[in-house]
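Please read the structure below before turning to the comments.
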Number of protein chains: 2
Amino acid sequence: MDHVPASPQEEQVAAFRAFSRFYTRRIGLLEEHLYDSPFSLTEVRVIYELAQRAGLTASDLGRDLGLDAGYLSRLLKRFEAKGLLTRTPSKTDARQSVLSLTEAGRAAFAPLDRASHDQIAAMLGRLSAADREDLVGAMRRVQRLLGGAPDADEPFRLRGLRPGDIGWVVHRQGLLYATEYGWDQTFEALVAEIAAAFVKRFDPAWENAWIAERDGGIVGSVFLVRQSDEVAKLRLLYVEASARGLGIGRRLVEECIRFARERGYRTLTLWTNDILVSARRIYEAAGFRLVEEERHHSFGKDLVGQNWNLDL
Amino acid sequence: MDHVPASPQEEQVAAFRAFSRFYTRRIGLLEEHLYDSPFSLTEVRVIYELAQRAGLTASDLGRDLGLDAGYLSRLLKRFEAKGLLTRTPSKTDARQSVLSLTEAGRAAFAPLDRASHDQIAAMLGRLSAADREDLVGAMRRVQRLLGGAPDADEPFRLRGLRPGDIGWVVHRQGLLYATEYGWDQTFEALVAEIAAAFVKRFDPAWENAWIAERDGGIVGSVFLVRQSDEVAKLRLLYVEASARGLGIGRRLVEECIRFARERGYRTLTLWTNDILVSARRIYEAAGFRLVEEERHHSFGKDLVGQNWNLDL
DNA sequence: CTAGAAACTTGACTGAGTCAACTAATTCGT
DNA sequence: ACGAATTAGTTGACTCAGTCAAGTTTCTAG
């Protein structure tokens with residue numbers, strides 16, 4: 001069956017399904033390693049849950065792990081008979097009892113836990129540090145997007161420039177403005193040029209760049225370059241569509257302003273286009289004033305360029 | 001049990017395990033929906049595999065899906081009895097037979113396939129377009145990093161330049177040479193500069209670029225730029241570490257040579273560094289001669305640059 | 001040409017998970 | 001406040017997915 005995906009939608013569905021099949025196998029492999037323990041896979045899942053969370057009832061377990069009530073009942077009875085588990089009647093509901101592992105239960109769980117831990121650690125160990133971070137970040141993202149994890153306490157983090165960053169920024173901006181506004185590749189080339197020039201002429205005393213990260217992936221960036229002793233320019237502000245509404249853009253601009261003030265610049269300037277309305281709102285809120293507009297034909301489109309200034 | 005992870009390593013292992021548990025449940029949910037079909041989960045996996053790939057034998061299936069040979073044997077016999085499957089004796093090995101679904105088999109599979117497809121599509125539909133892209137991208141990443149990229153019938157494909165490509169190439173090269181050889185960001189900047197200049201001064205009659213794609217991801221690239229009427233230069237040859245050994249590098253160089261010959265160039269030249277041995281092998285095999293070497297200090301390292309030429 | 005391995009097949013089994021029927025406690029609607 | 005419906009858990013009876021070991025036939029390496 002030659003599946004030639006017709007639309008992006010279909011391609012996404014195909015990728016999702018491919019991933020599910022892939023991970024089903026992967027989980028199978030992970031579980032095989034467990035098979036010299038005295039517990040079945042489901043038993044391990046139950047013990048794991050009991051070890052992690054306190055105050056569980058049988059129905060909690062059944063619901064969360066998707067187990068049959070009858071099967072679970074017997075399983076728990078077996079655990080209790082082996083002395084791994086105690087049940088104390090619930091105070092609020094006489095039908096339920098609260099489950100908790102005994103010392104023996106924890107002792108039985110420890111080697112399993114360790115084996116699983118070591119197995120994963122070994123797998124991660126085979127990757128480079130960068131790939132490891134990348135992998136874990138991607139997993140967090142999948143989990144978050146499929147509704148499996150609450151947002152972290154800290155929704156994003158700022159850091160400085162690292163290898164690979166400017167390419168990534170060029171890639172994402174090139175793609176975004178091409179799909180969203182139909183700009184051609186000369187825009188991407190311009191971004192590449194600006195980013196390259198920034199790195200080559202980088203003067204840490206006067207310039208800086210910030211990358212916003214979320215779940216190990218880059219979701220935004222901004223560059224501050226020196227134009228003269230008095231004037232700094234904010235360039236390449238960018239926030240991923242999937243990370244909007246978290247205040248990342250505002251925060252990046254704030255960092256720029258703070259840095260510019262600190263270094264004694266008098267004016268912060270920037271160039272943008274009128275169609276980029278969400279960026280405009282950020283600039284306005286930060287106190288920038290529109291000083292100039294001019295029509296131009298760039299990136300295959302007729303556009304209205306804008307210069308904005310902020311007195312520091 | 002309040003798990004306060006000690007080190008980043010531990011945090012990564014914890015995140016991985018959390019993801020595995022999460023996805024185990026998620027897969028459970030996905031599979032439940034399948035449970036008004038006449039097939040068991042394993043049967044569905046087998047049919048799916050048979051529908052996707054031609055020329056499978058029983059042992060292929062057993063190995064790939066991790067099934068017991070005895071169980072699989074009976075399962076296949078059942079399918080054959082129901083007329084879903086035919087076995088034709090292998091020509092090369094009389095012990096094996098090649099399995100293929102009958103029309104009836106495909107017909108039985110179709111509604112399952114559709115149900116699974118629709119279920120995933122519905123899940124994706126609940127997300128915003130940006131989140132959808134983010135999710136699928138993250139899944140692809142996990143799969144790539146865990147080494148799960150499935151072999152397509154066609155291991156890779158060449159295409160021209162599209163928006164986002166040059167940024168991606170810059171990103172990957174910047175990252176690769178930083179991790180592998182410790183080069184600093186000025187290398188990434190150089191790549192960005194070259195790529196930007198290529199796009200800005202692109203002359204389709206005299207120049208070209210090729211992107212190698214595999215499983216929907218970019219795995220290699222090469223650029224051909226005009227230096228004079230007589231001389232063309234090959235630049236930014238690059239193959240992903242995960243896609244080496246497929247002849248992608250060779251193929252990209254061949255395309256360049258073909259194009260350069262066609263346009264009537266007399267010489268194809270390129271610049272590289274002596275430490276890049278796998279690239280060197282490709283150039284040698286293609287007939288390039290080393291014409292010049294010179295020491296230089298770039299990208300934070302002492303290097304030996306090389307110029308290679310090919311008479312067309 | 002032979003020993004050992006690979007590709008299945010078959011018989012005998014186990015045990016994970018299902019289903020339905022039951023008891024007891026709780027909650028809901030009016 | 002009271003009966004009906006719901007929820008928590010238990011138990012018996014069952015099924016069928018998956019395992020294990022012992023076989024046959026074919027292939028391969030020495």
Side-chain angles (χ1 to χ4, degrees), chain A residues 24-25 27-50 55-82 85-100, chain B residues 24-25 27-29 31-50 55-82 85-100 112:
Chain A
T24 307
R25 284 183 207 188
I27 284 176
L29 292 180
L30 293 178
E31 285 163 357
E32 245 169 43
H33 274 264
L34 239 87
Y35 270 147
D36 45 346
S37 95
F39 298 105
S40 80
L41 170 59
T42 310
E43 288 174 328
V44 172
R45 290 177 71 202
V46 168
I47 299 194
Y48 188 94
E49 216 62 23
L50 288 170
L56 282 173
T57 66
S59 38
D60 291 337
L61 269 176
R63 189 178 355 88
D64 291 358
L65 298 181
L67 300 177
D68 177 79
Y71 177 48
L72 182 58
S73 171
R74 257 181 288 256
L75 192 157
L76 293 174
K77 205 200 288 182
R78 222 156 49 226
F79 280 178
E80 209 179 3
K82 282 197 218 159
L85 180 74
T86 53
R87 305 196 226 199
T88 49
S90 161
K91 276 163 193 158
T92 60
D93 188 334
R95 296 168 306 177
Q96 296 184 313
S97 20
V98 173
L99 310 168
S100 57
Chain B
T24 308
R25 285 184 207 186
I27 283 174
L29 291 181
E31 284 163 358
E32 245 169 43
H33 273 264
L34 239 85
Y35 270 146
D36 45 346
S37 95
F39 299 105
S40 81
L41 171 59
T42 310
E43 289 174 328
V44 172
R45 290 177 71 202
V46 168
I47 299 194
Y48 188 93
E49 215 62 23
L50 288 171
L56 282 173
T57 66
S59 39
D60 291 336
L61 270 175
R63 190 180 353 89
D64 291 359
L65 298 181
L67 300 177
D68 178 78
Y71 178 48
L72 182 58
S73 171
R74 258 181 287 257
L75 192 157
L76 292 175
K77 206 201 289 181
R78 222 157 48 226
F79 280 179
E80 210 180 2
K82 282 197 218 159
L85 180 73
T86 53
R87 303 197 226 199
T88 49
S90 161
K91 276 164 193 156
T92 58
D93 189 333
R95 295 169 305 178
Q96 295 185 313
S97 19
V98 173
L99 308 169
S100 57
L112 298 176

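Numbers restart at 1 for each chain; the letters A, B, ... are given by sequence-line order, proteins then strands. Reckoned from all heavy atoms, side chains included, excluding hydrogens, waters and symmetry mates.
The CG atom of A:L41 sits 7 Å away from the P atom of C:dG17 (whole-angstrom rounding). Here the P atom of nucleotide C:dT9 and the CD atom of B:E80 are 9 Å apart, to the nearest Å. Here C:dG17 presents its P atom at 9 Å from CD of A:E43, a figure rounded to the nearest Å. Atom pair B:L61:CG and C:dA7:C1' shows a separation of 13 Å (rounding to whole Å applied). Distance B:R78 CZ to C:dT9 P: 13 Å, rounded to the nearest Å. In this structure, A:L76 places its CG atom 12 Å from C1' of D:dA8, rounding to the nearest Å. Rounded to whole Å, atom P of C:dT10 lies 14 Å from atom CG of B:L75. One atom, CG of B:D68, and another, C1' of C:dC13, lie 13 Å apart when rounded to the nearest Å.
Applying the 3.5 Å distance criterion, the base of C:dT18 shares a donor-acceptor pair with the side chain of A:R74. Counting atom types as modelled, A:R95 pairs a side-chain N or O with a base atom of C:dA25 as donor and acceptor under 3.5 Å. Judged by atom type and distance alone, A:R87 does not reach the base of D:dG9 through any side-chain donor-acceptor pair under 3.5 Å.
Between C:dC8 and B:Q96, a contact under 4.0 Å exists linking OP1 or OP2 to a side-chain N or O. Taking side-chain N and O atoms only, B:S59 has no distance below 4.0 Å to OP1 or OP2 of C:dA6. Between A:K77 and D:dT11 there is a side-chain N or O to OP1 or OP2 distance below 4.0 Å. The shortest distance between the side-chain N/O atoms of B:T57 and the OP1/OP2 oxygens of C:dA7 is not below 4.0 Å.
Summary of the strand contacts: A:T92 and B:G70 both lie near DNA chain C, and taking for each the nucleotide with the nearest heavy atom, the more 5' one is attributed to B:G70.
The backbone N or O of B:L61 sits nowhere less than 3.5 Å from a side-chain atom of B:D64 that would complete a donor-acceptor pair.
Among the heavy atoms of the strands lying under 4.0 Å from A:A69 is at least one base atom, whether or not backbone atoms are also near. As judged by a 4.0 angstrom heavy-atom cut-off over every strand, A:R63 is placed among residues making no nucleic acid contact. Looking at heavy-atom distances under 4.0 Å, B:A94 makes contact with sugar-phosphate atoms alone, never a base. Contact annotation for B:D93: backbone-only contact, meaning every heavy-atom pair under 4.0 Å involves sugar-phosphate atoms and none involves a base. Counting non-hydrogen atoms under 4.0 angstrom, B:G62 reaches nothing in the nucleic acid.
A salt bridge links A:E49 and B:R25; the closest N-O separation between the charged side-chain nitrogens and carboxylate oxygens is under 4.0 Å. Ion pair A:E80/A:R74 not flagged as a salt bridge, since none of the NZ, NE, NH1 or NH2 atoms sits closer than 4.0 Å to an Asp/Glu carboxylate oxygen.
Checked options A:L56, A:D60, A:T88; the residue passing with A:V98 is A:T88 (criterion: side chain to side chain contact (heavy atoms under 4.5 Å, CB included)).
Set against C:dT10, D:dT19, C:dA16, the side chain of A:S40 has C:dA16 as its closest nucleotide. The B:S73 side chain lies nearest to C:dT9 when the options are C:dT18, C:dT9, D:dA17.
When only modelled atom types and interatomic distance are considered, B:T86 and B:S100 share a side-chain donor-acceptor pair under 3.5 Å.
Listed here is the closest heavy atom pair of B:S73 and B:R87: O-NH2, 4.3 Å.
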